[in-house]
Amino acid sequence: MGKTIRGQVYVLGDNIDTDQIIPAQYLNLVPTIPDEYRKLGTYALCGLPDTFPPFVPSEASVGRYPIIVGGRNFGCGSSREHAPVALGAAGVQAVVAENYARIFFRNAVATGELYPLESEQRLCDLFATGDEAEIDIEASRIVRLATGESYALKPPGAVGPVIEAGGIFAYARSVGMIAPRKKAAAKPEPEADQDKPAPEKQPAAPAAAAAAPRKKKRARVIAVANQKGGVGKTTTVVNLAACLALLKKRVLVIDLDPQSNATSGLGLEHEEGASVYRALIDNEPLADRVRQTAVKNIDIVPSELDLAGAEVDVARMDGYLQRFRSILHPFLDNSAYDFVFVDCPPSLGILTMNALTAADSMLIPIQCEYYALEGLSVVTRLIRQLHDSGANPDIGLEGILLTMYDSRTRLAGEVVQEVRRHFEDQVYRTVIPRNVRVSEAPSFGKPVVLHDRRSAGAKAYRELAKEFLKRDAKHCRDHS
Ligand SMILES: Nc1ncnc2c1ncn2[C@@H]1O[C@H](COP(=O)(O)OP(=O)(O)O)[C@@H](O)[C@H]1O
Ligand SMILES: [Mg+2]
């Protein structure tokens with residue numbers, strides 16, 4: 001089709017982080033509300049130092065720079081979908097950088113806001129802000145119009161059609177993978193699937209190593225999720241699992257994050273082809289993916305980098321939001337775990353949505369920091385969407401966990417109060433303190449309770465496990 005993008009270039013350097021792209025104070029703007037989407041655009045790149053010319057000095061200048069040229073590691077920092085959304089809302093159609101922080105790249109594709117293109121050479125030293133340029137997507141080239149100099153880009157490959165369609169959901173709709181939208185809406189954001197295909201038939205899965213079949217209720221599946229990275233999801237999965245295992249509960253951890261931190265945190269070496277990926281894509285039995293960990297009573301379905309590709313591959317499949325559920329539930333019917341914890345990646349992409357569609361409940365760790373509440377509102381809205389769309393009408397909120405609490409700062413105390421005021425008893429009474437033993441335990445491939453059982457972090461996670469079980473007992477009473 002020969003898509004071209006033409007206009008002025010805005011030039012940036014290396015390591016442009018998401019706080020510079022859209023500072024955290026604007027994350028309460030909801031991209032699906034057209035007015036707020038527009039506002040996000042006006043704040044794009046307002047976190048840059050003053051040495052850069054203002055990117056959007058006024059609303060009238062939205063669209064002035066359809067092309068950004070950056071250096072290395074574009075979009076690093078905390079994961080936020082608002083980053084590509086803000087740029088898209090500011091009229092950016094493509095970023096050309098040497099390489100990307102992976103999560104920014106994925107968010108750009110999932111939202112379809114812009115092309116994250118990679119240059120073959122470093123272009124941010126060759127272009128100047130205000131240069132007129134043209135990108136030819138098909139030919140994978142960028143040309144400086146004044147001089148005719150042309151530079152090669154890496155072809156966007158499979159992501160091209162997804163962005164062209166306007167994001168993963170729009171793409172899936174456009175090729176008939178999912179039903180058309182019932183209502184027209186503004187720019188897409190990750191959303192629950194609206195059609196509800198029947199779960200696919202799966203050959204009965206043999207029981208996993210640690211899970212001899214036994215007649216009992218299916219294990220409860222808890223997705224540990226938060227679209228933000230670095231809030232303590234993985235730490236909570238590993239340590240809560242370990243503390244429950246010490247209390248003789250049989251736990252399965254499923255590492256759905258391509259970064260594999262839960263896998264390494266539980267002491268597993270990298271093993272090619274071992275992740276849930278093949279089960280998701282090729283229907284290989286989930287039971288074959290289960291590995292024992294060094295911790296008694298904990299099994300794991302490990303992760304590997306390949307899983308990053310699952311976002312796009314799964315999106316091509318029928319009933320793609322139900323994929324994980326359709327392999328997980330039959331497997332659990334034949335195994336004897338008490339709890340399954342799914343460690344989600346830091347985005348609301350396809351993998352997280354699959355986890356939430358399969359989960360009985362969602363546990364949301366949040367860091368005791370200033371913008372905790374805004375992030376929470378995104379996640380709680382998501383639970384409502386899962387309900388309302390029918391994608392997972394039964395999902396509940398397992399609990400909100402305050403992590404990395406630093407008693408020396410007043411702010412942390414204020415955040416705890418504020419979150420409790422809003423979410424009351426949905427917040428665990430146990431608060432996890434910031435504790436160096438917790439952060440060093442993963443380098444030993446161990447949960448903190450085995451690394452230093454007397455540390456404040458270990459104590460807190462043991463408390464959490466008890467509180468978790470108390471709530472679980474109440475949950476069982478309420479539902480029996
Ligand atoms: N209670 C804690 N005290 C100190 N460091 C922590 C604590 N919880 C998590 N960390 C560290 O913070 C970083 C992010 O935590 P992690 O669990 O990986 O977050 P997520 O999975 O949400 O990205 C990790 O380096 C981890 O070791
Ligand atoms: Mg993690």
Side-chain angles (χ1 to χ4, degrees), residues 17-18 76-81 101-104 106-107 222-243 253-268 275-276 300-305 307-308 341-349 351-352 355-356 362-369 371-372 375-376 378-379 399-409 412 415-416 428 430-465:
D17 66 44
T18 52
C76 57
S78 79
S79 149
R80 53 185 70 153
E81 262 150 346
R102 196 175 53 219
I103 192 68
F104 177 88
R106 280 200 270 153
N107 284 337
I222 297 124
V224 179
N226 184 329
Q227 78 278 17
K228 282 195 71 176
V231 296
K233 289 183 288 295
T234 303
T235 305
T236 298
V237 165
V238 167
N239 290 296
L240 180 55
C243 293
V253 168
I254 302 183
D255 190 352
L256 267 195
D257 185 352
Q259 295 197 25
S260 311
N261 294 340
T263 303
S264 53
L266 282 166
L268 264 81
S275 76
V276 73
I300 188 167
V301 177
S303 164
E304 60 182 333
L305 259 183
L307 206 48
F341 289 98
V342 186
D343 189 22
C344 295
S347 77
L348 299 178
L351 287 170
T352 300
L356 295 178
M362 180 174 180
L363 193 161
I364 311 171
I366 59 172
Q367 206 177 330
C368 296
E369 59 168 23
Y371 297 107
L376 258 182
V378 176
V379 199
I400 296 167
L401 176 66
L402 292 152
T403 65
M404 292 183 238
Y405 175 78
D406 186 344
S407 57
R408 290 166 308 182
T409 70
V415 171
V416 172
Y428 288 106
T430 312
V431 174
I432 310 295
R434 188 177 280 284
N435 175 233
V436 68
R437 295 291 187 223
V438 174
S439 55
E440 69 191 21
S443 59
F444 295 89
K446 280 184 185 172
V448 70
V449 269
L450 301 183
H451 171 59
D452 181 354
R453 59 182 300 276
R454 287 182 214 285
S455 62
K459 273 190 202 145
Y461 274 108
R462 277 199 299 271
E463 274 307 305
L464 177 68

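Indexing begins at 1, ligand by ligand and atom by atom, following the structure's order.
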Q: Restricting to non-hydrogen atoms, name the atom on Val448 and the atom on Asn239 that form the minimum distance, rounded to 0.1 Å.
A: N-OD1, 2.7 Å

Q: Locate the shortest heavy-atom distance separating Leu402 from Cys368; write the atom from each residue and the value.
A: CB-SG, 3.9 Å

Q: Is any side-chain heavy atom of Thr403 less than 4.5 Å from a side-chain heavy atom of Thr235?
A: no

Q: Tell me the closest heavy-atom pair linking Leu351 and Pro345, and the distance in Å.
A: CB-CG, 4.0 Å

Q: From the Mg ion (ligand 2), how many protein N/O/S atoms are found at a distance short of 2.8 Å?
A: 1

Q: Might you list the protein residues in contact with ligand 1, defined as having a heavy atom under 4.0 Å from one of its atoms, sorted by chain and number?
A: Gly229, Gly230, Val231, Gly232, Lys233, Thr234, Thr235, Met404, Ile432, Pro433, Arg434, Asn435, Val438, Ser439

Q: Hydrogens and angles aside, do Thr234 and Asp343 bring a side-chain donor and acceptor to less than 3.5 Å of each other?
A: yes

Q: Would you confirm whether Lys233, through its side chain, and Cys344, through its main-chain N or O, come within 3.5 Å as a donor-acceptor pair?
A: no

Q: Are the side chains of Arg453 and Arg437 in contact, using a 4.5 Å heavy-atom criterion?
A: no

Q: Checking side-chain hydrogen bond (donor to acceptor under 3.5 Å, both in side chains) for the pair Thr430/Tyr461: CA distance, chi angles, key distance, verdict?
A: CA-CA 8 Å; Thr430 312; Tyr461 274 108; over 6 Å; no

Q: State, to 0.1 Å, how close Ser347 and Thr352 come at their nearest heavy-atom pair, and which atoms those are.
A: O-OG1, 2.7 Å

